[in-house]
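Below is one structure, written out as structure tokens; the observations come after it.
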Amino acid sequence: MTNHWIDIQHSDVILIQGSNAAENHPISFKWVMRAREKGAKLIHVDPRFTRTSSKADFYAPLRSGTDIAFLGGMIKYILENEKYFKDYVVNYTNAPFLVNDKFEFNDGLFSGYDPGTRKYDKATWTINKDANGIAEKDFTLQNPRCVFQLLKKHYSRYDMETVSKITGTPEKDLQTVYEMYSSTGVPDKAGTVMYALGQTHHTSAVQNIRTLCMVQLLLGNIGICGGGVNAMRGEPNVQGSTDFAILSGYLPGYLAAPRASLPTLEDYVKKNTPKTSDPRSANWWQNYPKYATSLLKAWYGDKATKENDFGYSWVPKLDDGQDANILNMIDNMYEKKIKGLICIAQNPAGSLPNSNKVREGLTNLDWTVHVNIFNNETASFWKGPGMDPKKIKTEVFLLPAAASIEKQGSVANSGRWVQWKYEAAKAPGDCLYTGDIVIRIVSKLKELYKKEKGAFPDPILNLKWDYTDDKGRFDPVKVAKTTNGYFLEDVTIGDKTYKKGDCVPGFANLQADGRTSSGCWISCGSFAQDGTNLMARRKKDDPTGLGLYPQWSWAWPVNRRIIYNRASVDLNGKPYNPKRALLAWVDGKWVGDVPDGPWPPMSDMEKGKYPFIMKPDGVSSLFGPGLADGPFPEHYEPLEGPIEKNPLSSQLKNPVMKIFTGPCDKFSGCDPKYPFVMTTYSSTEHWCSGALTRWQSWLTEAQPQVYVEISEELAQLRGIKNGDKVKVESARGSLPCVAMVTTRLRPFNCGGQTVHLVGMTFNYGWLFPEDCGDTANLLTPTAGDANVGTPEYKAFMVNVTKV
Amino acid sequence: MSNGKSILVDTSLCTACRGCQVACKQWNNLPGTKTKQVGTYQNPQDFSSDTWKVVRFADGKKEDSKPYWYFFTDMCRHCIQPPCKLSIEMTVKDAVIQDEATGAVVYNDKTKKVSFADVLCPYNIPRQNPKTKVLAKCTMCFDRITNGMIPACVKSCPTGAMVFGDRKEILDMAKKRVDDLKKTYPKAMAINPDDVRVIFIVTDDPKKYWKSAAGG
């Protein structure tokens, strides 16, 4: 979230698109309903009418996989009806920037596409720079090559009729949503976007979210109270896993994973440290070398020295071009390239797409270790449906773990608050903290490497591994302090001297020369210099009256509660909306939230800085050349879709999406064998693959068995009655379940073509309870977003028949 | 009797998360019953001696043909003049306690002597334990509210759809809330506020929520 949960109450219009917040983030509705009680309007855009829709002031149906078309139409509406917040767009976005003359967009493809490699050469996706290296701009926004005009041209094709043909949303509904939401493009109104996996589980996932960001930037809704682009992360600790890089492409704190072609630390930081020639841009990422070195010092301690590049050579490197995300991992497992698997708090045999492929892949392993509080379909894959235990060689270890409430430690919520929690109950029996399990495994590895050497022992032997208490148990405070970082010798910064062993009180103090450590630079400041744990704070003071609660836990970065907050004020530092003044420049200093940097507002021509400090240009990117699939989001159909021709271009599918070609990776196009769109999701009553919740009788009582939601029209077409047993089938698998015939789903009219959409939860599994059915992921395709590889769980094709 | 306690259930704020349904079972040590998917989110299908709180789900089409989905977290209304108490005590005395201080209507083991068919309830709430024959229903979490706590269902509600408090305040709150809601939903109403302690607010015809929402 750019903002935080409590802040939702300040919105005037709430757009929930790509989320079923009421069901999957129930507590969010405390704040949504509070906003509504104050007069806010709630819009829900979704393929299904859900518990979220039931509370909305306006619900608009949308065919799954067509968000960019829907939002592209909104961008066109905002621009052509001049609903955008002009001051904000001119000063705080790259709308005035002039784009390379050679950049173009033709019939669904941007310049530089190579169909052979299915990749773009992004050489033309650039901004023109003047002799001083500063971006060329036209603040009148009239130059035909400025971002604003190119944006207008790009989305001029997204007229209501075309959008409606794609999305299946009636034109009058589009009109209503566009009008309602764009009413927030004025200084004293705030619109917020709440999204979740409904945006991310697509082959154009990142571009979906970018389109939401662009709408918000045009309306001046980023960095303000009641605004933002708010990703609702879940209990699976999505926020924590991205912050701490439980993802293949990153190191902690969103640093890039090193590549084989970057053999030295200097190569690595040079490649990843952005530059700017504009003195008014803070370009915060210029500090990259400080964060990288401090991370290596946190990992390797005294073993990391300037002479050995702080141990950079011990960090595993990805090959150039290698994508190691989870879909590739499963593919490699299936191809017998992986021997062992450690699964901590995961159930990939139920949660990953194309379960038959995943389950087959597991049979190729020599060993697998599961750390969990219950047995699940992955740990027991060898006795699952279609498996012959006698033929499976995989050795399986199941290690009992402590549950979240049985552990002390930090939890990061969606609003970036990192809250310290105590151990509420002792874990039963032999159950251990996951941390203890990791400590013991690595300690044993160290012992074995020491004794037996091995091919490359250094990365293991040199790991600083002092995370235990005096009884030899995992000590979460020690880990958290290492994550925060220490001064490793006496350091003087400005007029202040820090002692060796002090906690680093903020990442502005981190050093690139090895004198500081920090295991995750964005967490730096979670402890005060004297070692006080700020995450454990529970004070309810609210000096702004806006519910920022700055002394309740701690938020990254530097306890800032709403990021990009310098965009909430005008060039003189005066709040755009005085009724919800998040930040103001008063008597030479900032008052309110922790500002995005200390510099004065932009009207100070000497010291003032642009507000979007994480961008090298200092402004936000309506033209965003960083992504793999284009600087402007463009609508493409999902890998499997019901439409034969894309009304916007002859490019039917995302040209750079991740696809796989193994024997399990069968796909259907517009195939009459699989005529219906399927979307998958979770329910309130179960959590993810249900591996934890299906053992809870009060929850299985409420949602006992796998079901498919279908419209009355489709039920009639297939002769299905409510409660009938049916079979759902895709090109990859099939699944018996119960039909739930409902008025809440309705066929879409896509330019005269009737498109039926059905939906299922992936909450079930064959292991327990016995009659609950199996996962909807038996049906989903192994296909991923072009940029980050998130699987396309949300839109693919199936058939439904009565059995 | 003092004015006692009341619960306000504002269905316009309810998202049917069913936290209340689960919290009721947790506090009262009631088991999860074996259910089947029969084509609805609602489960269990009805009350039983093991289920005192059921969130009822009702979907349909509005006049403009768009869908609606109404939720009704059904429970004992703790009537001011409880017909169940009157009918039960026709045959068995002291089987139903109506607490002086709170107004909570609570059954005890003596209800096993009652002919279940003769028990009257306009909201169709009480159920009989098939083995012990004792009657069962919501107690307003009598053991909680007499120890300074609020009922488990109210405690679990994430949106504030359920509020527990002194009856007078709850009645004021209900009136104010209905007045507010009427601006958006002309049919908004509190259901039988003068007759019951558990006062539901709905924004449409109560029968669209549940056939016994406003009593039989």
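This is a predicted model, so every value here is computed, not measured. Convention: sequence-line order gives letters A, B, ...; per-chain numbering from 1.
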B/Thr51 portion near chain A, given a 4.5 angstrom heavy-atom threshold: side chain
Which atoms of B/Leu30 approach chain A - backbone, side chain, both or neither, heavy atom under 4.5 Å: backbone
Can you tell me if B/Lys208 has over 12 outside heavy atoms packed within less than 6.0 Å of its NZ? yes
Mark yes or no for whether A/Glu701, through its side chain, and B/Thr33, through its backbone, hold a donor-acceptor pair below 3.5 Å. yes
More than 12 heavy atoms of other residues, nucleotides or ligands under 6.0 Å from CD of A/Gln716: yes or no? no
The interface call for B/Thr40 against chain A, heavy-atom contacts under 4.5 Å, is backbone
What ring-ring contact (aromatic ring centres under 6.0 Å, His included) pairs are there with at least one residue in residues 159-181 of chain B, not counting sequence neighbours? none
Mark yes when over 12 heavy atoms from residues, nucleotides or ligands other than B/Lys155 sit less than 6.0 Å from its NZ; otherwise mark no. no
What part of B/Lys34 is in contact with chain A, defined as an atom under 4.5 angstrom from a non-hydrogen atom: side chain, backbone, both or neither? side chain
Check: B/Pro67 main-chain N/O paired with A/Thr743 side-chain donor or acceptor under 3.5 Å: no
Leading residue by heavy atom contact count with chain B [cutoff under 4.5 Å; candidates A/Ser54, A/Ala22, A/Ala702]: A/Ala702
Determine which pairs satisfy salt bridge (charged side-chain N to carboxylate O under 4.0 Å, His left out) with at least one residue from residues 125-143 of chain B, sequence neighbours left out, and list them in order. B/Asp46-B/Arg127
Donor-acceptor check, side chain of A/Trp698 to backbone of B/Cys24, threshold 3.5 angstrom: yes or no? no
Quick test of your reading: applying ring-ring contact (aromatic ring centres under 6.0 Å, His included), list the pairs with at least one residue in residues 174-207 of chain B, sequence neighbours left out, ordered by first then second residue. B/Phe72-B/Phe200
Checking heavy atoms, do the side chain of B/Gln26, its backbone, both or neither come under 4.5 Å from chain A? both
Check for me whether A/Lys55 meets the cation-pi criterion with B/Phe71, that is, NZ or CZ under 6.0 Å from the six-membered ring centre and within 45 degrees of the ring axis. no
If only atom types and distance count, is the side chain of A/Arg744 paired as donor or acceptor with the main-chain N or O of B/Asp59 below 3.5 Å? no
So is A/Arg51 actually on top of B/Tyr41's ring, under 6.0 Å and inside 45° of the axis? no
Heavy-atom distances under 4.5 Å only: say whether B/Thr11 touches chain A with side chain, backbone, both or neither. backbone
Expected contact set for residues 31-47 of chain A against chain B at heavy-atom separation under 4.5 Å reads A/Met33, A/Arg36, A/Glu37
